J.: 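After the structure tokens below, expect a handful of questions from me.
If you're wondering where the values come from, they're calculated on a predicted model, not measured in any experiment.
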Amino acid sequence: VQLQASGGGLVQAGGSLRLSCAASGGTFGPYAMGWFRQAPGKEREFVAVISWGSGSAYYQDSVKGRFTISRDNAKNTVYLQMNSLKPEDTAVYYCTAGKIISDSASSYGHWGQGTQVTVSS
């Protein structure tokens with residue numbers, strides 16, 4: 001499975017962005033799909049994940065209530081709607097696919113190339 005992330009950019013604090021991740025080259029299911037992010041000098045951290053079947057979603061505490069992950073299985077695409085963005089959300093965002101729901105990067109075997117999100121204060 002190949003993953004292609006898009007939708008990053010520069011936005012002011014309080015603004016919104018929607019990231020997309022399109023999967024190709026294989027079956028989209030029953031993969032869980034997730035987003036991680038990595039800021040300069042920091043480790044890659046979990047942001048959100050959504051299950052294949054029920055669409056259950058899980059979030060890092062710092063993004064709860066601001067970010068929403070969703071998926072369109074017919075389009076093999078997962079989205080991350082990011083509202084009320086803060087400067088500390090600045091990072092490269094990576095989409096990922098894996099066989100289990102997890103907040104650990106090591107649980108995922110497929111990664112997109114990353115898309116830069118920059119939030120100015």
J.: Linking I/L/V/M/F/W/Y whenever their side-chain heavy atoms sit closer than 4.5 Å, directly or via other members, would Tyr79 and Tyr31 fall into one cluster?
T.: no
J.: Report yes if some heavy atom in the side chain of Ser16 is under 4.5 Å from a heavy atom in the side chain of Met82; otherwise report no.
T.: no
J.: Can you check ring pair (Phe, Tyr, Trp, His ring centres under 6.0 Å) on Phe36 and Tyr108, steps first, answer last?
T.: CA-CA 11 Å; Phe36 282 70; Tyr108 295 89; 5.5 Å; yes
J.: Check whether Ser20 reaches the backbone of Ser6 with its side chain - one donor and one acceptor, N or O, closer than 3.5 Å.
T.: no
J.: Measuring from Gln2:CD to Asn76:CG, what's the distance to the nearest 0.5 Å?
T.: 11.5 Å
J.: Any non-hydrogen side-chain atom of Thr115 less than 4.5 Å from a side-chain atom of Val92?
T.: no
J.: Whether the side chain of Thr77 engages the backbone of Lys75 through a donor-acceptor N/O pair (distance < 3.5 Å, no angle test) should be reported.
T.: yes
J.: Assess the residue pair Leu19 and Val117 against the criterion (side-chain contact (heavy atoms from CB on, under 4.5 Å)); give the C-alpha distance rounded to whole Å, side-chain angles, the decisive distance to 0.1 Å, and a yes or no.
T.: CA-CA 9 Å; Leu19 306 183; Val117 171; 4.0 Å; yes
J.: Can you measure from OH (Tyr58) to OG (Ser102) and round to the nearest 0.5 angstrom?
T.: 12.0 Å
J.: Within this structure, what is the OH-NZ distance for the pair Tyr59 and Lys64, rounded to the nearest 0.5 Å?
T.: 10.5 Å
J.: Start with the C-alpha gap between Lys86 and Asp89, add the side-chain angles, then the distance that decides, and say whether salt bridge (Lys or Arg N to Asp or Glu O under 4.0 Å) holds.
T.: CA-CA 5 Å; Lys86 303 176 181 180; Asp89 294 318; over 6 Å; no
J.: What is the distance from atom SG of Cys21 to atom OH of Tyr93, rounded to the nearest 0.5 Å?
T.: 14.5 Å
J.: Gln116 and Thr118: side-chain donor and acceptor closer than 3.5 Å?
T.: yes
J.: Can a donor-acceptor pair be found between the side chains of Ser54 and Ser56 at a distance below 3.5 Å?
T.: yes
J.: What distance do Leu80 atom CG and Leu17 atom CG have between them, rounded to the nearest 0.5 Å?
T.: 9.5 Å
J.: Check whether Tyr94 forms a cation-pi arrangement with Arg37 (NZ or CZ under 6.0 Å from the six-membered ring centre, at most 45° off the ring normal).
T.: no
J.: Decide whether Ile100 and Leu3 are clustered together by the hydrophobic rule: side chain heavy atoms of Ile, Leu, Val, Met, Phe, Trp, Tyr closer than 4.5 Å, transitively.
T.: no
J.: Donor-acceptor check, side chain of Arg66 to backbone of Gln81, threshold 3.5 angstrom: yes or no?
T.: no
J.: Applying the 4.5 Å side-chain criterion to the ILVMFWY set and letting contacts propagate, would Val49 and Val63 be lumped into a single cluster?
T.: no
J.: Are Ile101 and Ile69 connected in a single hydrophobic cluster, I mean Ile/Leu/Val/Met/Phe/Trp/Tyr linked by side-chain heavy atoms less than 4.5 Å apart?
T.: no
J.: side-chain contact (heavy atoms from CB on, under 4.5 Å) for Glu45 and Gln38? Distances and angles first, verdict last.
T.: CA-CA 6 Å; Glu45 66 174 3; Gln38 189 166 18; over 6 Å; no
J.: Evaluate the side-chain contact (heavy atoms from CB on, under 4.5 Å) criterion for residues Asn83 and Phe67: first the C-alpha distance (whole Å), next the side-chain angles of each, then the deciding distance (0.1 Å), finally the verdict.
T.: CA-CA 6 Å; Asn83 299 328; Phe67 291 11; over 6 Å; no
J.: Nearest 0.5 Å please: distance from the SG atom of Cys95 over to the CE atom of Met33.
T.: 5.5 Å
J.: Using modelled atom types only, decide if a donor and an acceptor are shared between the side chain of Gln113 and the backbone of Ala5 within a distance under 3.5 Å.
T.: yes
